[in-house]
Amino acid sequence: MNTVVFIPTWNESENIELLIKDIHQIVPKTDILVVDDISPDGTGDIVERLIPEIPGLHILHRQGPRGRGWAGIAGFIWALDHNAEYIVEMDADFSHQPQYIPNILNALKDADMVIGSRYVDGGKDMRPGRVRNWISRMAGKYQQKMFQTSVKDCTSGFRGYRGYVLESIGVRDLNTWGPAILSDVLYRVIQQGYVIKEIPIVFPDRQRGQSTLTARILFEGLWNVTKLRFSGFVGNDAKTSQADQADQKND
Ligand SMILES: Nc1nc2c(ncn2[C@@H]2O[C@H](COP(=O)(O)OP(=O)(O)OP(=O)(O)O)[C@@H](O)[C@H]2O)c(=O)[nH]1
Ligand SMILES: [Mg+2]
């Protein structure tokens, strides 16, 4: 297995079939993993029904309490156990548009991690509601400052990783229940000096289904960033990726 796109899902029955079909059409050779927490709306059943139709489609039905973070960790571990070299994570609600997956994979050829970014040239947050967008942006800026990084869209969950990065930051040992997993992973990638690239994405609002974002999740996220910052040294971004180093060795 070379590339896995994984999608955590909680009650995404209105999105999941369309999304899987779009991804499969855009990157037909890529495996797709849905990590579902036994969503009561039957998201998992829809995926099971699609498995015979879509080559490379897989599902993990997680037991126990639900959580975006735990689902993400399960997805990473599954991908690593299946020897994935390139791993893309994305939301199911079409805020992360499948059309960008090839750009992420392309950028990963000479980076360790790639972030689909709303805040670089060509990127855009299309969600209505200025206050919400401002809060998102400020939360991202706070994280950028705390982590002393040049990454502009720290909170984006549309990301690509090289498998060795996830292994070396110890994703198998993480235990974060919620979306704060995104900062836990980013913090560790920065700390280890890996090269992170941002590529522009246009980020539309969720069209169907319910958001899981709450004020509690937002505050927990900010608190987690603060804790990470003061838990140890955060280095500056490294200049050379492992991918580059490998290329140099081969020259
Ligand atoms: N497996 C699993 N997936 C989850 C859980 N909570 C959220 N997700 C998924 O994580 C992704 C992001 O969730 P959203 O509800 O879109 O949260 P958000 O993007 O921060 O909020 P909005 O900007 O309002 O859409 C979606 O694919 C959800 O289905 C969970 O507890 N378990
Ligand atoms: Mg969303």
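Both ligands and their constituent atoms are indexed starting at 1 by order of listing.
- The shortest heavy-atom contact between L228 and S183 is CD1-O, 3.7 Å.
- The protein atom (non-hydrogen) at minimum distance from atom 9 (C) of ligand 1 is P8 O, 3.4 Å.
- Here is the list of ligand 1 atoms found below 4.0 Å of a heavy atom in A92: 26 (C), 27 (O).
- Among protein heavy atoms, the minimum distance from atom 32 (N) of ligand 1 is reached at D37 OD2, 2.8 Å.
- Within D93, the N, O or S atom lying nearest to the Mg ion (ligand 2) carries the name OD2.
- Between S39 and T9, the shortest heavy-atom contact is OG-O, 3.7 Å.
- Counting heavy atoms closer than 4.0 Å to ligand 1, residue R206 contributes side-chain atoms (C-beta onward) but none from N, CA, C or O.
- Between E53 and K21, at least one side-chain nitrogen of the basic residue sits less than 4.0 Å from a carboxylate oxygen of the acidic one, meeting the salt-bridge criterion.
- Not a single heavy atom of P179 lies less than 4.0 angstrom from ligand 1.
- The aromatic rings of F76 and F6 stand perpendicular to each other, their planes meeting at an angle above 60°, with 30° marking the opposite boundary.
- When the heavy-atom distances from atom 14 (P) of ligand 1 to V34, T212, N15, L213 are ranked, the shortest goes to T212.
- By the 4.5 Å heavy-atom criterion applied to side chains, F158 and S95 are not counted as neighbours.
- Among all protein heavy atoms, the one lying closest to atom 6 (N) of ligand 1 is R66 NH1, 3.3 Å.
- D205 has a carboxylate O that lies under 4.0 Å from a charged side-chain N of R132, or vice versa, which qualifies the two as a salt bridge.
- Only one option out of V120, I115, D121 pairs with K152 in a side-chain contact (heavy atoms from CB on, under 4.5 Å); it is V120.
- T43 contributes atom OG1, which lies 11.5 Å from atom CD of E17 (distance to the nearest 0.5 angstrom).
- Among all protein heavy atoms, the one lying closest to atom 22 (P) of ligand 1 is S211 OG, 3.5 Å.
- Taking a cut-off of under 4.0 Å to the non-hydrogen atoms of R132, the atoms of ligand 1 that pass are 24 (O).
- Contacts with ligand 1 closer than 4.0 Å are made by no heavy atom of H96, backbone or side chain.
- Only the side chain of A71 comes within contact range of ligand 1, with a heavy atom under 4.0 Å; no backbone atom does.
- For atom 10 (O) of ligand 1, the nearest protein heavy atom (residue, atom name, distance) is R68 CD, 3.4 Å.
- With hydrogens and angles disregarded, a donor-acceptor distance shorter than 3.5 Å links the side chain of N15 to the backbone of R208.
- Protein heavy atom closest to atom 2 (C) of ligand 1, with residue, atom name and distance, is T9 O, 3.3 Å.
- Applying the 4.0 Å criterion to heavy atoms of V35 picks out, from ligand 1, the atoms 1 (N).
- At a cut-off of 2.8 Å, D91 is not counted among the residues with an N, O or S atom near the Mg ion (ligand 2).
- Proximity of E12 to ligand 1, defined as any heavy-atom pair under 4.0 Å, is confined to the side chain (atoms from C-beta onward).
- Comparing D91, I38, L60 against atom 19 (O) of ligand 1, the shortest heavy-atom distance belongs to D91.
- Nearest protein heavy-atom contact of atom 25 (O) of ligand 1 is D93 OD2, 3.2 Å.
- If you check which protein heavy atom lies closest to atom 8 (N) of ligand 1, you get W10 CB, 4.0 Å.
- Counting heavy atoms under 4.0 Å from ligand 1, residue R127 touches it through the side chain alone.
- Between Y86 and I104, the closest side-chain pair of non-hydrogen atoms is not below 4.5 Å.
- Looking at every heavy atom in both residues, V202 comes nearest to G122 through CG2-O, 4.2 Å.
- The only option from R62, R66, R68 that meets the salt bridge (charged side-chain N to carboxylate O under 4.0 Å, His left out) definition with D37 turns out to be R62.
- Proximity of a side-chain donor or acceptor of S117 to a complementary backbone N or O of P200 within less than 3.5 Å is not detected.
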